[in-house]
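Working notes for the structure below.
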Amino acid sequence: MKSMEINFLNQSNEASWLNYKQFLKPLLKRTCEVLNQHDNFSVSVVLVDDASIQEYNNNYRNIDRPTDVLSFPDGSEEDGLVVLGDIIMSVDAIRRQADDYGHSLKREFSFLAVHGFLHLFGFDHQTKEEEKEMIDYQKEILDGLADRSS
């Protein structure tokens with residue numbers, strides 16, 4: 001039996017972000033399809049502000065500045081589901097980067113969520129080759145779900 005559990009926590013104190021939960025399941029489902037992975041997963045997505053993500057970044061990566069998204073892989077099993085891990089996204093960064101790149105909040109939210117999912121599946125972007133692979137996957141996953149114009 002396939003199942004996908006997404007725990008969505010909005011710790012940004014901005015209620016408007018609650019509407020973005022609806023985009024996560026199609027994005028994770030598409031990520032699983034593109035990566036040829038089963039979709040028997042649990043994942044947590046947490047929305048925070050820049051100050052909070054800076055604390056996580058400093059505590060876990062020793063980088064004392066805000067970032068847009070952090071991923072914390074888990075890999076354990078709980079109630080028959082693989083716990084992928086946690087994705088923490090900054091709503092301040094989503095807003096800022098959507099403006100910088102000239103696309104919608106939905107597109108930036110979706111991009112960062114997919115970026116985080118890929119990290120939870122073990123992808124990274126430390127080398128040019130890894131970065132190209134992630135960019136290609138992100139484009140394939142987002143096309144039709146969160147195009148640059150949406």
Side-chain angles (χ1 to χ4, degrees), residues 4-32 34-35 37 39 41-78 81-143 145-150:
M4 192 179 301
E5 181 179 297
I6 299 174
N7 303 304
F8 183 73
L9 299 130
N10 179 12
Q11 297 180 345
S12 73
N13 297 317
E14 295 179 45
S16 62
W17 291 104
L18 293 172
N19 298 327
Y20 286 73
K21 179 183 181 180
Q22 67 182 314
F23 304 127
L24 292 172
K25 194 165 194 169
L27 291 167
L28 182 54
K29 185 173 174 47
R30 179 77 177 131
T31 301
C32 290
V34 167
L35 298 179
Q37 294 279 338
D39 58 1
F41 295 109
S42 169
V43 64
S44 294
V45 177
V46 184
L47 298 183
V48 298
D49 60 17
D50 270 352
S52 296
I53 207 163
Q54 180 169 344
E55 280 184 49
Y56 283 107
N57 208 21
N58 192 27
N59 291 341
Y60 293 98
R61 298 177 65 220
N62 294 316
I63 300 173
D64 192 17
R65 67 176 181 268
T67 189
D68 51 6
V69 60
L70 293 169
S71 298
F72 297 95
D74 186 324
S76 65
E77 192 171 314
E78 192 173 292
L81 296 175
V82 174
V83 180
L84 280 179
D86 303 321
I87 297 170
I88 301 172
M89 300 189 321
S90 167
V91 297
D92 297 320
I94 293 168
R95 197 175 284 111
R96 189 171 49 250
Q97 290 173 187
D99 188 51
D100 289 348
Y101 296 123
H103 54 243
S104 68
L105 292 176
K106 175 190 175 188
R107 167 66 183 199
E108 190 61 26
F109 173 89
S110 299
F111 174 84
L112 292 178
V114 168
H115 189 87
F117 291 149
L118 289 172
H119 277 303
L120 294 182
F121 280 107
F123 291 89
D124 213 336
H125 44 82
Q126 298 298 316
T127 68
K128 290 269 190 222
E129 294 80 16
E130 290 175 340
E131 183 177 28
K132 182 185 180 327
E133 183 178 41
M134 278 192 81
I135 289 170
D136 289 347
Y137 276 132
Q138 288 165 171
K139 182 180 179 336
E140 184 176 353
I141 293 162
L142 290 168
D143 281 353
L145 289 178
D147 296 317
R148 291 190 180 274
S149 59
S150 62

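Reckoned from all heavy atoms, side chains included, excluding hydrogens, waters and symmetry mates.
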Problem - Residues Phe8, Leu47; criterion side chain to side chain contact (heavy atoms under 4.5 Å, CB included); working and verdict - result: CA-CA 8 Å; Phe8 183 73; Leu47 298 183; 3.5 Å; yes

Practice task
Starting from the C-alpha separation in whole Å, work towards a yes-or-no answer on side chain to side chain contact (heavy atoms under 4.5 Å, CB included) for Leu35 and Phe123.
Solution key: CA-CA 11 Å; Leu35 298 179; Phe123 291 89; 3.7 Å; yes

Practice task
Run the ring-centre check on Tyr137 versus Phe117 and record whether the distance is less than 6.0 Å.
Solution key: no

Fill in the blank from the handout: d(Arg30 CZ, Asp143 CG) to nearest 0.5 Å is 8.0 Å

Problem - Pairs touching residues 117-130 that satisfy salt bridge (charged side-chain N to carboxylate O under 4.0 Å, His left out), sequence neighbours left out - result: none

Problem - Those residues that, when tested against Ser12, pass side-chain hydrogen bond (donor to acceptor under 3.5 Å, both in side chains) (two or more places apart) - result: Asn10

Practice task
Count the heavy atoms belonging to other residues, nucleotides or ligands that lie under 6.0 Å from CG of Asp100, then report whether that count exceeds 12.
Solution key: yes

Problem - Minimum heavy-atom distance between Ala98 and Ser104, given as atom pair plus value - result: CB-O, 3.7 Å

Exercise for the section: Grab the two heavy atoms, one from Ile87 and one from Ser71, that are nearest each other, plus how far apart they are. Expected result: CG1-OG, 4.2 Å

Handout entry: Note, Tyr60 side chain near Leu70 side chain (heavy atom, < 4.5 Å)
Key = no

Exercise for the section: Check salt bridge (charged side-chain N to carboxylate O under 4.0 Å, His left out) between Asp136 and all other residues, then give those that pass, not counting sequence neighbours. Expected result: Lys132

Exercise for the section: Enumerate the residue pairs fulfilling side chain to side chain donor-acceptor pair (under 3.5 Å) with a member in residues 17-27, sequence neighbours excluded, ordered by first and then second residue. Expected result: Glu14-Trp17

Problem - Between CG on residue Asp74 and CG on residue Leu120, distance to nearest 0.5 Å - result: 9.5 Å

Problem - Summary of salt bridge (charged side-chain N to carboxylate O under 4.0 Å, His left out) pairs that have at least one residue in residues 108-122, sequence neighbours excluded - result: none

Practice task
Find the distance between CZ (Phe111) and CD1 (Ile141) and round it off to the nearest 0.5 Å.
Solution key: 10.5 Å

Practice task
Classify the ring geometry between Phe72 and Tyr56 as parallel (under 30°), tilted (30 to 60°) or perpendicular (over 60°).
Solution key: tilted

Problem - side chain to side chain contact (heavy atoms under 4.5 Å, CB included) evaluation trace for Ser42 with Asn7 - result: CA-CA 8 Å; Ser42 169; Asn7 303 304; 3.7 Å; yes

Completion exercise
One should read off an interatomic distance between Ser110 OG and Leu24 CG, to the nearest 0.5 angstrom, of 8.0 Å

Problem - Chi angles and distances behind the side chain to side chain contact (heavy atoms under 4.5 Å, CB included) call for Gln97, Leu112 - result: CA-CA 10 Å; Gln97 290 173 187; Leu112 292 178; 4.1 Å; yes

Handout entry: Straight-line distance of Gln54 CD to Ile63 CD1, nearest 0.5 Å
Key = 11.0 Å

Practice task
Carefully, step by step, assess Arg95 and Asp99 under the rule salt bridge (Lys or Arg N to Asp or Glu O under 4.0 Å).
Solution key: CA-CA 6 Å; Arg95 197 175 284 111; Asp99 188 51; over 6 Å; no

Exercise for the section: Find out whether Phe23 and Leu145 are in side-chain contact, i.e. whether some heavy atom of one side chain is under 4.5 Å from a heavy atom of the other. Expected result: no

Problem - Geometric class of the His115/His125 ring pair [parallel <30°, tilted 30-60°, perpendicular >60°] - result: tilted

Practice task
Without swapping roles, check the side chain of Asp50 against the backbone of Asp92 for a donor-acceptor pair under 3.5 Å.
Solution key: no

Exercise for the section: Could you grab the distance from atom NZ of Lys29 to atom CD1 of Ile6, nearest 0.5 Å is fine? Expected result: 11.0 Å

Exercise for the section: Go through the structure and list residues passing side-chain hydrogen bond (donor to acceptor under 3.5 Å, both in side chains) with Asn57, not counting sequence neighbours. Expected result: Arg61

Fill in the blank from the handout: side chain to side chain contact (heavy atoms under 4.5 Å, CB included) test vs Met89 passes for just one of Asp68, Ile53, Val45, namely Val45

